[in-house]
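The block underneath contains the structure these notes are about, expressed in structure tokens.
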Amino acid sequence: MKGSIYVELSKCLSCHSCELACALEHSESKELAKAIYEDPAPVARVRVEAVEGAAIPLQCRHCEDAPCVTICPCEAIEKLGPEQAVIIHEDKCIGCKFCIAVCPFGVVSLRSDGKVALKCDLCLGRTEEGLEPACVSACPSGALRFLSAEELSKQKRQAAAKREYQAAQSGKEQAKEEQT
Amino acid sequence: MSSKDNSISIDPASEQMLESAASQELELAWDRYQAMLPQCGYGQLGLCCKICVMGPCRIDPFGQGPQKGICGATADIIAARNLARMIAGGAAAHSDHGRDVAHTLLTAASDPNCDYKVIDEKKIRALAEEFGIATEGKSKEELAKAVAEMSFAEFGQQHGELKFAQRAPDDQKKRWREHRVMPRGIDREIVEIMHRTHMGVDNDPKNIILQGIRAALADGWGGSMIATELSDVLFGRPNPLKSMVNLGVMKADEVNILVHGHEPTLSEMLVAASQDPEMIKLAESKGAKGITLAGICCTANEILMRHGIAIAGNFLQQELALSTGAVDAMIVDVQCVMPALGELAKCFHTKLISTSPKAKFPFAEHIEFDESKALDIAKQIIITAIENFPKRKGKNVCIPDIRENMVAGFTAESVFEFLGGRYRPSYRPLNEGIITGRLRGAAAIVGCNNPKIKHDYGHVTMTKELLANDVLVVTTGCTAIADAKAGLLDPGEALQYCGKGLQEICRAVGIPPVLHLGSCVDISRILVVLCNVVSQGGLGASIADLPAAGAAPEWMSEKAVAIGFYVVASGVYTVLGQPLPVQGAEGLTKFLCQDIEDIFGGKFAFESDPVEAAHMMLDHIDRKRSELKLAPVLYPVPYAPKEVAEAAVAV
Ligand code: SF4
Ligand code: SF4
Ligand code: SF4
């Protein structure tokens, strides 16, 4: 499944369920009651940031021309293809933190032992099986959506078209009213 | 049960109704559960707090985010406060039920025109003596009045100790006094939980839980026990009797009235009213062949135990029963009644009738019950149902043709008579059975249904696994209904699942291998049985010494939490099918599943696989057997005691 995660900010209630689901998805056991006692502790790659009372969930944008891929000195970060994930190969990562420095969104962090960089991998295992990313399926209010750029622009076009249509309709009616 | 199997229930009648409901696009608890997935991890782990509005606060269990609430409360403190409040909810529900029964007894004893009477003279005399009331020359009404008043006083008592708690073995009472959990008054302990868990009061997780235990004990050895004992006085002590169970007890050509909820006061009167010849005549005049009254949940167990009224189903069958389209009226009182029922009833001609001033429901007709006009109101309800019957005509009705025979009606006293046989009324055969190793031990399986586990699967699988391993099973509540539907309360059918030793005991003593002891408040009967077994002798000095264990494989309610705590604090090892919401609190979890055993002799374990859970219970039973230096189990069993298994491997 190709796609990216899009956030509808007005729908986020800041419950932090996405963070929990992400950490769980990246745990050994994938069982919540066990995962929380794993060492190293599983890390969430999405964080809900607070800005003036609003909640903004942030995760890797999987940029098409990703600065982290460019700057990585050991080719540890790979862009898998257009509209596909940017992933970090942990075995190649030396922990230089350049990727953290250049990421415009601040969504790269360090593993709890500090040795390698971590970030959203777009839940590759899940999307290959046709499932949505863990954070998306965990969000109770539908603030997170996983879809392709084409699907997103189609949806936006539809919405824009609807708006224009309605505007045109009400314009006509207004004109009619004015005539009578 | 293959893991690929995606059925929702092991009960064929329920499966049939699930299919029918799906084809009618009815929304059921399982659909709502699916819609709720994935459920909030913070809630599951017990890590959110909204006790004050500096919050809500939540602790990040993975350690990246906050580790303390705004007030500074840690995961252990937050989880302990929430858990204690669950106990308060459960203890309040059971105890308020007990209070209502005491009120009915007082009315019955004081008002000669009251529809309720003091039925069980033997029991009221015994209770009066236990309460230290001079009984000589006093009528049963006088005694009942005194006992009812003294029971009321137990709720409001401010100091001292609850009366029924004195029934516990000395060793257990010593532990309670030493750790200051001996309950003083029923209401007081519940109020004190609410006080202590207010923002900024008790912030020692263990100390919070100890108060939880004090309230839980006030439930088991107080409110619940009052409910059971006084119900016996009012409605008669149950005796073993035969009946039927499952949705197929409803009849297409009769007026079907289901009673659902918990308290026996209303359902008792509905039994009387539904059997009134005038009512039957009225039903016939509307084209029905008669009136079928059947129950759901614990109010069903109450009238089953005393009148042999059939049971239509357990907790997760309440919606399935309505989905048959055959219910003319469902009458509900309190507890475990889903607010979804009213909307579902609207899809049919079915009337949902609420009766308690404490419990109103969306889209229900309210006919308020009043003890002083009990029979009249019961008749009015029955008439409403009968008059609704003709509206069923021509409508699609689907009653699964599935029902089972069962024997129910055991109590601490009737088990006593049964076990001793007619001339040897004592617990001796039970104790002897355990001592000689014919019986490996005893287990209590209780609790609800929960859509998180295949309906009835936990109850029935666990029961069978224990029977096969020569463990005598006692049961109440929705477990008892599940077991009954699976044929496990039919002595003829159940014996095939039993090990050889258990078969021998059941045949010699004339009891079924699974004893139905009643409703959830009747778990107090299990406490009394345990006391009797201890005082019979030969199996140690306290409940904690007994080769016995408890379980709630499908629990869901706060009441179950309260029960879990009073049972554990009474010395019983208890396995819960769903974990308590504390697993995000490491220290608290360790306390409940480990350290608490040193204090009270019982502890919790969490295991969702019923076979695995049964094995954990068997391991515990074996440990107790070896501590008591009892003979090894007499016959080979499928899950052999650990040492024996190891020895076999060594050979
Ligand atoms: S897509 Fe997967 S890895 Fe990325 S933030 Fe969501 S849950 Fe985490
Ligand atoms: S799960 Fe959804 S609503 Fe909750 S914090 Fe994440 S994005 Fe916001
Ligand atoms: S009591 Fe403490 S933890 Fe709970 S909501 Fe208030 S500040 Fe938060």
Side-chain angles (χ1 to χ4, degrees), chain A residues 13-50 55 57-59 106-114 118-120 123 126 131-144, chain B residues 32-50 53-70 74-76 78-79 83 452 575-590 592-594 604-609 612:
Chain A
L13 299 177
S14 191
C15 68
H16 296 249
S17 297
C18 49
E19 295 177 354
L20 215 59
C22 180
L24 181 61
E25 182 60 29
H26 295 86
S27 68
E28 274 303 312
S29 64
K30 311 226 163 157
E31 250 183 78
L32 188 55
K34 288 194 187 130
I36 57 176
Y37 296 118
E38 276 172 22
D39 189 18
V43 178
R45 290 108 204 265
V46 52
R47 305 299 294 176
V48 184
E49 291 296 321
L58 280 176
Q59 68 267 79
V107 290
V108 187
S109 58
L110 282 183
R111 195 166 72 192
S112 48
D113 62 5
L118 282 185
K119 64 170 205 63
C120 165
C123 286
R126 289 177 62 97
L131 295 171
E132 289 185 320
C135 55
V136 174
S137 74
C139 178
S141 54
L144 301 179
Chain B
R32 296 188 294 270
Y33 171 62
Q34 285 303 326
M36 201 57 73
L37 293 178
Q39 285 174 298
C40 170
Y42 298 96
Q44 286 174 57
L45 296 172
L47 293 180
C48 46
C49 179
K50 50 188 179 58
V53 297
M54 292 194 285
C57 298
R58 74 179 103 51
I59 304 299
D60 182 349
F62 291 108
Q64 286 169 278
Q67 296 302 296
K68 282 183 189 135
I70 295 164
T74 58
D76 283 330
I78 288 176
L83 188 63
K452 290 181 176 174
V575 187
L576 300 181
Q578 288 298 318
L580 293 168
V582 296
Q583 283 179 304
E586 201 174 1
L588 180 61
T589 306
K590 182 171 166 289
L592 297 174
C593 298
Q594 215 169 301
F604 285 106
F606 310 142
E607 175 55 58
S608 57
D609 176 1
E612 192 51 41

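All values below were derived from every heavy atom in this structure, side-chain atoms included, with hydrogens, water molecules and symmetry-related copies excluded. Chain identifiers are assigned alphabetically (A, B, ...) following the order of the sequence lines, protein sequences preceding nucleic acid strands; residue numbering begins at 1 within each chain. Keep in mind that what you see is a predicted model, and the values were worked out from it rather than measured.
Atom CD of A:Glu28 is surrounded by 12 or fewer heavy atoms from other residues, nucleotides or ligands within 6.0 Å. The local environment of CE in B:Met36 is sparse, with at most 12 non-hydrogen atoms from other residues, nucleotides or ligands closer than 6.0 Å. Around the NZ atom of B:Lys452, the shell of radius 6.0 Å holds more than 12 heavy atoms that belong to other residues, nucleotides or ligands.
Closest non-hydrogen pair, B:Pro38 versus A:Ser137, comes out as CD-O, 3.1 Å. The heavy-atom pair separating A:Ala33 from B:Gln583 by the smallest distance is CB-OE1, 3.4 Å.
In this structure, B:Cys40 SG and A:His16 NE2 are separated by 11.0 Å, a value rounded to the nearest 0.5 Å. Note that CD1 of B:Ile59 and CD1 of A:Ile36 are 12.0 Å apart. Values are rounded to the nearest 0.5 Å.
Residue B:Gln39 does not touch chain A at all, counting heavy-atom pairs closer than 4.5 Å. Heavy-atom distances place the side chain of A:Ala41, and not its backbone, under 4.5 Å from chain B.
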**OP:** Report the C-alpha distance between A:Val43 and B:Phe62 in whole Å, list the side-chain angles of each, state the deciding distance to 0.1 Å, and finish with yes or no for side chain to side chain contact (heavy atoms under 4.5 Å, CB included).
**Re:** CA-CA 7 Å; A:Val43 178; B:Phe62 291 108; over 6 Å; no
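Between the B:Gln64 side chain and the A:Ala44 main chain, a donor and an acceptor come within less than 3.5 Å of each other.
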